[in-house]
Amino acid sequence: MSHPLPAFPNATAIPVDTPVIGWLLAVGGSTARIVLDREAVSALGGDADPVLAAAGQVAMPIKIRRGDRWIIGTIRNMSLDPASDPAAIQTEVELIGEGWCEAGSGTLHGFRRGVTAYPLPGAAVHAITNAELAAMHDRRGAPTIRIGTVYPARSVPATLTIDALLGRHFALVGSTGTGKSTATALILHRICEMAPRGHVVMIDPHGEYATAFRATGEVHDVGNLRMPYWLMTFEEHCEMLLSASPAERQIEVDILAKCLLAARTRSRAAAEVPRVTVDTPIPYLLSDLGAALTQEMSKLDRAGEIAPYQRIKAKLDEIKGDPRYAFMFSGMLVGDTMAAFLSRILRMPGDGRPISIIDVSGVPSEVTSVVVAVLARMIFDQAVWSRPEERRPVLMVCEEAHRYIPARAEQGSAVGRILARIAKEGRKYGVSLGLVTQRPSDLAEGVLSQCGTIIAMRLNNDRDQAMVAAAMPEGGRGLLDTMSALRNREAILCGEGVAFPVRASFDNLEDGKRPASGDMPITALWTDRAAGEGVLNATVARWRSGGR
């Protein structure tokens with residue numbers, strides 16, 4: 001026998017066909033405890049409405065009446081007490097928001113986040129219909145993009161509100177093989193389609209996104225990036241040129257500061273700047289930096305004092321002579337092309353191609369972080385120094401974000417510091433950050449917590465799940481227990497960018513718009529005979545020249 005549902009004051013205001021599946025036991029803060037009637041839930045299992053058919057399952061929404069409004073929550077867990085009625089299932093519910101209850105029909109509409117009127121213990125618990133779920137996710141008047149469908153509904157679109165998504169930053173996390181790269185490409189394609197005059201910069205560490213965005217953006221790699229070395233700040237120069245042990249590093253830092261300032265001061269552009277510092281982004285000649293080092297060395301007598309100068313000069317000569325660094329240290333990059341460089345990278349104007357793909361797969365690994373630091377800082381500083389009425393919002397997306405902002409080390413490198421600053425201050429200047437990573441536990445916690453929207457695909461590692469749980473915005477933690485059970489191309493959407501925390505399935509991405517991130521067909525390739533020495537010779541040639 002099922003437990004009889006308790007009576008409550010406004011029962012007569014609820015239509016008789018509204019599915020009642022349980023009752024409220026206790027409520028406190030943002031959580032409540034309810035009891036589900038197993039027979040009532042089972043009776044809905046065959047309903048033609050897919051949302052009603054899934055009523056009572058973990059992560060599914062429920063509604064509870066309070067006066068003229070419905071209080072909405074999601075089921076967090078379920079348990080059965082053998083000592084109690086076997087038809088009564090105890091569950092914990094996370095309260096998310098509320099909506100108005102239409103007089104007469106009892107239909108839910110006008111959903112909004114937050115709870116202002118808590119239901120009383122003993123109130124009936126009702127299932128949500130497909131139409132009500134669609135109404136909860138409908139944000140009319142707000143610019144949104146569709147990325148998939150809401151689970152388990154087949155007709156409710158999963159959408160992201162762009163202004164909220166980008167205004168508070170976002171993170172997309174998921175284990176390898178879950179469809180993370182394709183989901184990232186899908187979101188960026190939808191953003192570019194909605195805003196063809198927007199400005200998006202994508203840091204691509206593996207060269208996966210070039211083919212996906214060649215028709216809608218510009219691809220910049222070591223062959224055409226042309227990023228002038230003199231754009232680096234003093235800190236970035238230190239990361240590039242200094243490699244001494246910690247005990248000797250301070251000596252080299254002082255030497256480089258003195259010589260770099262001398263080189264910048266010799267520049268013709270210095271005459272137009274009131275005060276030149278080691279960080280002033282004006283062109284200077286590498287030969288002037290080398291000459292300053294030589295001049296300072298000539299003033300010394302002992303070999304021990306000369307050694308730090310020799311190390312810096314040797315590193316400088318090595319970089320100048322290495323073809324892999326030509327994209328940054330070419331002699332053709334001495335002119336004042338700062339505005340032109342920013343125009344190319346930021347797509348100003350974009351001419352209907354709003355995204356820049358920065359393919360750093362060909363950049364030497366030891367300087368990749370410096371290159372990303374320069375790009376991120378240029379994007380942020382451009383926004384800071386622009387007049388408020390002239391600012392253009394910019395979205396910067398970092399794939400493999402944990403490589404640049406590692407846990408407990410965001411203050412240890414130039415790239416970590418600038419990305420952490422963008423996470424904390426970027427929204428004030430219109431700079432949005434999108435972090436994509438397969439290892440959120442390796443990402444700086446302070447940066448992840450700044451992301452107002454989290455898109456979490458399947459994560460199998462306990463540490464990764466715990467990190468996402470700690471950063472998850474309000475209302476989404478009840479869905480986290482389902483994270484390891486997500487299928488490929490499914491995600492939990494939570495935070496500012498969505499109306500309601502939800503599990504969603506991503507749409508299929510059209511051919512030609514997918515990143516080159518698919519798994520290699522190993523057995524199929526091994527059935528063919530391998531190419532001979534000619535192909536290996538070509539590979540060796542590219543290897544030696546640093547080309548692709």
Side-chain angles (χ1 to χ4, degrees), residues 222 225-338 341 363-375 377-378 381 412-415 417 544-546:
V222 291
L225 182 57
R226 301 191 303 277
M227 185 174 76
Y229 59 87
W230 49 263
L231 290 176
M232 292 190 294
T233 62
F234 174 64
E235 179 186 22
E236 292 154 2
H237 274 84
C238 288
E239 288 195 22
M240 180 76 77
L241 297 174
L242 306 188
S243 57
S245 64
E248 300 173 325
R249 185 175 178 84
Q250 188 55 50
I251 298 173
E252 294 191 6
V253 167
D254 295 339
I255 293 170
L256 183 58
K258 185 176 182 178
C259 296
L260 180 59
L261 180 59
R264 288 200 192 274
T265 304
R266 291 178 188 174
S267 169
R268 286 181 296 179
E272 303 174 6
V273 180
R275 181 172 177 268
V276 177
T277 71
V278 290
D279 289 329
T280 304
I282 56 174
Y284 74 88
L285 298 175
L286 289 175
S287 58
D288 285 344
L289 178 57
L293 287 166
T294 301
Q295 183 177 356
E296 291 298 321
M297 277 194 295
S298 66
K299 301 176 183 179
L300 304 173
D301 298 325
R302 292 179 296 179
E305 295 176 340
I306 296 175
Y309 293 88
Q310 291 176 325
R311 282 196 295 267
I312 299 174
K313 196 167 187 308
K315 183 65 175 178
L316 183 62
D317 292 339
E318 175 190 337
I319 288 175
K320 288 167 59 179
D322 193 331
R324 297 179 304 161
Y325 294 86
F327 73 95
M328 192 173 184
F329 287 90
S330 169
M332 303 298 292
L333 300 176
V334 179
D336 189 357
T337 57
M338 187 171 176
F341 177 75
V363 174
S365 58
E366 59 268 24
V367 299
T368 301
S369 293
V370 175
V371 171
V372 176
V374 173
L375 291 167
R377 183 179 48 76
M378 295 292 290
D381 285 351
S413 65
V415 67
R417 275 187 284 274
R544 287 173 174 168
S545 64

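Not one N or O on the side chain of Arg311 forms a donor-acceptor pair closer than 3.5 Å with the backbone of Leu241. Between the side chain of Arg264 and the backbone N or O of Val276, no donor-acceptor pair lies under 3.5 Å. A distance-only check finds a donor-acceptor pair linking the side chain of Thr368 to the backbone of Pro364 [under 3.5 Å]. A side-chain donor-acceptor contact under 3.5 Å links Glu236 to the backbone of Thr233. With hydrogens and angles disregarded, no donor-acceptor distance shorter than 3.5 Å links the side chain of Ser330 to the backbone of Phe327.
In this structure, the side chains of Val334 and Tyr229 come closer than 4.5 Å at one or more pairs of heavy atoms. Counting only heavy atoms from C-beta outward, the side chains of Leu256 and Glu252 never approach each other to under 4.5 Å. For the pair Trp230/Ile282, no side-chain contact is recorded, criterion being any heavy-atom separation below 4.5 Å from C-beta on. Contact of the Val363 side chain with the Tyr325 side chain is not registered, since no non-hydrogen atoms from C-beta on lie closer than 4.5 Å. Between Leu375 and Met227, some side-chain heavy-atom pair lies under the 4.5 Å cut-off. Side-chain contact between Pro228 and Met338: absent, with no pair of heavy atoms (C-beta onward) separated by less than 4.5 Å. With contacts defined as side-chain heavy-atom distances shorter than 4.5 Å, the pair Arg324/Val222 does not qualify. Contact annotation: the side chain of Met240 approaches that of Phe329 to within less than 4.5 Å [non-hydrogen atoms, C-beta and beyond].
Smallest separation of non-hydrogen atoms from Phe234 and Val253: CZ-O, 3.4 Å. Of all heavy-atom pairs between Cys259 and Leu293, the closest is SG-CD2, 3.6 Å. Residue Arg266 comes nearest to Ala291 through the heavy atom pair NH1-CB, 3.8 Å, listed as atom of the first residue, atom of the second, then distance. Considering all non-hydrogen atoms of both residues, Pro323 and Gly321 come closest at CD-O, 3.5 Å.
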* Starting from the C-alpha separation in whole Å, work towards a yes-or-no answer on side chain to side chain contact (heavy atoms under 4.5 Å, CB included) for Cys238 and Arg249. => CA-CA 9 Å; Cys238 288; Arg249 185 175 178 84; 3.8 Å; yes

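Partners of Lys258 by side chain to side chain contact (heavy atoms under 4.5 Å, CB included), not counting sequence neighbours, listed by chain and number: Glu296. With sequence neighbours excluded, the residues forming a side chain to side chain contact (heavy atoms under 4.5 Å, CB included) with Glu239 are Val370, Ser413, Ala414, listed by chain and number.
Ion pairing of Lys299 with Glu305 is absent here, as no side-chain N (NZ or NE/NH1/NH2) approaches a carboxylate O to less than 4.0 Å.
The side chain to side chain donor-acceptor pair (under 3.5 Å) contacts involving residues 279-290 comprise His237-Tyr284, Thr277-Thr280, where partners must be two or more places apart or lie in separate chains.
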